[in-house]
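Quick notes on the structure that follows.
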Amino acid sequence: MGTDKWTIDGVTSEASPTVGGMYDVNHSRKGRFRARALAVRGEWLDVEIVSGMARAALRGNEREAGEEVTLRNTHAALTTVTS
């Protein structure tokens, strides 16, 4: 079972990402990309990729801008995009 703590702007806390917020994602498995938060479900975050690409072990599972992907908090660090 995971934890509901998220790393946002370099701080790990119980604060969740903001639905509708824009984040630069640094994910240990999916790589780096920019995404908009769609839903927070405890340790899981559903996002829509805005720019870049989410990598995957299988090429057919990679996701590009306009597609949705789910992130787990223990693998992702988020930086808030302000502009």
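- The closest side-chain heavy-atom distance from V19 to V40 is below 4.5 Å.
- A 4.5 Å side-chain heavy-atom check between Y23 and V47 finds every atom pair outside the cut-off.
- Side chains of M22 and R34 form a contact here, defined as non-hydrogen atoms less than 4.5 Å apart.
- Remark: W6 CH2 to E43 CD distance equals 8.5 Å, nearest 0.5 Å.
- Between the OG1 atom of T74 and the CH2 atom of W44 there is a distance of 7.5 Å, given to the nearest 0.5 Å.
- In this structure, the side chains of V25 and K30 stay at 4.5 Å or more apart for every pair of heavy atoms.
- Two residues are said to be in side-chain contact when any heavy atoms from C-beta on lie closer than 4.5 Å; R41 and T70 meet this criterion.
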Does the side chain to side chain donor-acceptor pair (under 3.5 Å) test come out yes or no for D9 and T79, once each step is laid out?
CA-CA 5 Å; D9 299 326; T79 302; 4.7 Å; no
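- Closest approach of A76 to H27, counting heavy atoms only: CB-CD2, 3.8 Å.
- A pairwise comparison of heavy atoms in R32 and N26 identifies NH2-ND2, 3.2 Å as the closest pair.
- Residues I8 and P17 meet the side-chain proximity criterion, which asks for heavy atoms closer than 4.5 Å.
- Annotation: side chain of L78 is in contact with side chain of L45 (closest heavy-atom distance under 4.5 Å).
- In this structure, N73 contributes its side chain and K5 its backbone to a donor-acceptor pair below 3.5 Å.
- For the pair A54 and F33, the tightest heavy-atom approach, listed with the atom from each and the gap, is CB-CE2, 3.8 Å.
- For E64 against M53, the heavy-atom pair with the smallest separation is OE2-CE, 3.1 Å.
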